[in-house]
Amino acid sequence: MTDDLTRPYDSRPGGSPPSGPMSPPPPQPETGGARPPDLRLGLHRLSRGLIAYGIVGLVVAVLGLGVLAYVNARISTAGDRVGTSVAQLAPTLDRTADALHDASTTADTFSVTLDRTREAVSAAANTIIGVRTNLETLENVLRTVSFLGISPLGPAGDAVGGIAGSIEGLDSRLTAIADGLAANQGALATNATSLGLLGDSMDATAERLRSGVVEDSLADVRAIILLMLLVLTAWTIVPAIGALAFGLWLRRELEPASTSPEVVP
C-alpha cells in the first residue's frame, strides 16, 4: 500500500513503460532569459522623421507651385512682347524688301545704261581713230600741193596736223573708259541680282513672321517648361504626402501602446 502511494502515477510494476497516452510535462518556470528589444522608441522617431519630411516636402511643393505661377506669368508677358515686336517687325521687313527690290531695279537699269555708254564710248574711240587717220592723210595731201615751188596750203596742212596730233591718244583713253564701264556694268548686274535675292528673302521672312511661327515656337517652349515644373512639383509633393500620411498613421498606431502601462513579468 505504501509502495503504491509513493510510486509515480505513470509508472508500472517492473519498470515497464505505460501503454496509454502520456500527459504533457508540467510547464517549467522561466529562467530569466533576454527580453525582446522594444522598437517603440525607434518607431516614434521614424514617425517624427516622416512627418517632418512630409511637411518640408509640402513646403517645397508650395514654393514650386509659386515658381510655376511666376514662370508662367513671365513667359506670358514675354510672349506678348514677342507678338508685339513681330507685328512691328513684319511691316519693316516688307518695306526693306521693297527698298531692296527698288535698288535692284535701279542697279539693273543703270547696268543697261552703262552697257550702252560703253558701246558709245567704244564707237567714239573708233571714230577718233578714223578722224585722226583722215586728218593725217589730209595733212600729207596739203603739204604736197605746190605752186611754182611754193606750198600755199602748207599752213593749212600744219593746222590739220596739229589737230591730228591733239587727238592722238584720245582713242586709247576712250577705250580704257569703255573697258572700265564694262567692268562696272558687270558689277552692277551682279549687285542687282544680289539685291533682288535679298529682297525676296526679306519678303519670305516677313511672311513667315506673319504666319505666327514665332508665337507657336514660344508657346511650345512655354508648354515644355511648365510640364517640367509640374513633373518636378509632383515628384516632390507625392512622396511628401505619402511620408506625412504614413508618419501620422504610425503615430496613431503607437499612441495606445505608449499610453498603456508596462507589464512587468
Side-chain angles (χ1 to χ4, degrees), residues 74-143 156-225:
R74 296 297 297 174
I75 293 179
S76 298
T77 304
D80 296 338
R81 292 177 180 174
V82 169
T84 304
S85 300
V86 168
Q88 296 175 354
L89 184 59
T92 303
L93 291 178
D94 286 332
R95 289 190 292 269
T96 303
D98 294 337
L100 290 173
H101 284 137
D102 293 339
S104 174
T105 303
T106 302
D108 194 13
T109 304
F110 194 66
S111 173
V112 175
T113 302
L114 286 180
D115 187 39
R116 294 175 181 175
T117 304
R118 178 186 62 82
E119 293 176 357
V121 170
S122 298
N126 294 329
T127 301
I128 289 175
I129 293 174
V131 170
R132 183 168 59 83
T133 302
N134 293 332
L135 289 174
E136 290 174 352
T137 302
L138 180 60
E139 177 189 3
N140 294 330
V141 170
L142 292 176
R143 288 182 186 279
D158 293 337
V160 172
I163 296 172
S166 64
I167 65 175
E168 184 178 1
L170 182 59
D171 56 336
S172 61
R173 290 193 292 271
L174 290 176
T175 302
I177 292 173
D179 293 339
L181 290 174
N184 292 331
Q185 185 269 338
L188 280 175
T190 303
N191 290 336
T193 303
S194 300
L195 290 173
L197 293 176
L198 185 57
D200 295 338
S201 178
M202 287 292 180
D203 280 334
T205 302
E207 190 64 30
R208 185 173 178 83
L209 289 177
R210 276 192 295 268
S211 66
V213 62
V214 177
E215 291 84 349
D216 293 341
S217 300
L218 188 60
D220 293 339
V221 173
R222 175 186 178 184
I224 292 173
I225 293 176

Please tell me if the side chains of Asp200 and His101 come closer than 4.5 Å, counting only heavy atoms from C-beta onward.
yes
So, taking the atom named [atom1] in [X] and the one named [atom2] in [Y], what distance separates them when rounded to the nearest 0.5 Å?
X      : Y      : atom1 : atom2 : value
Asn126 : Thr175 : CG    : OG1   : 6.5 Å
Leu93  : Asp98  : CG    : CG    : 11.0 Å
Glu215 : Asp80  : CD    : CG    : 10.0 Å
Thr117 : Asn184 : OG1   : CG    : 11.0 Å
Asn191 : Leu198 : CG    : CG    : 11.5 Å
Asp108 : Thr113 : CG    : OG1   : 10.0 Å

Side-chain donor or acceptor of [X] paired with backbone N/O of [Y] under 3.5 Å:
X      : Y      : value
Ser211 : Arg208 : yes
Ser194 : Thr190 : yes
Ser104 : Leu100 : no
Asn134 : Gly130 : yes

Any idea which heavy atoms bring Val121 and Leu174 closest together, and the distance?
CG1-O, 2.9 Å
Least distance between heavy atoms, Arg118 atom then Ala178 atom:
CG-O, 3.0 Å
Under the criterion side-chain contact (heavy atoms from CB on, under 4.5 Å), I'd like the reasoning laid out for Val214 against Leu218: C-alpha separation, chi angles, the key distance, then a yes or no.
CA-CA 6 Å; Val214 177; Leu218 188 60; 5.6 Å; no
Got a salt bridge between Arg210 and Glu207, using NZ or NE/NH1/NH2 to carboxylate O under 4.0 Å?
yes
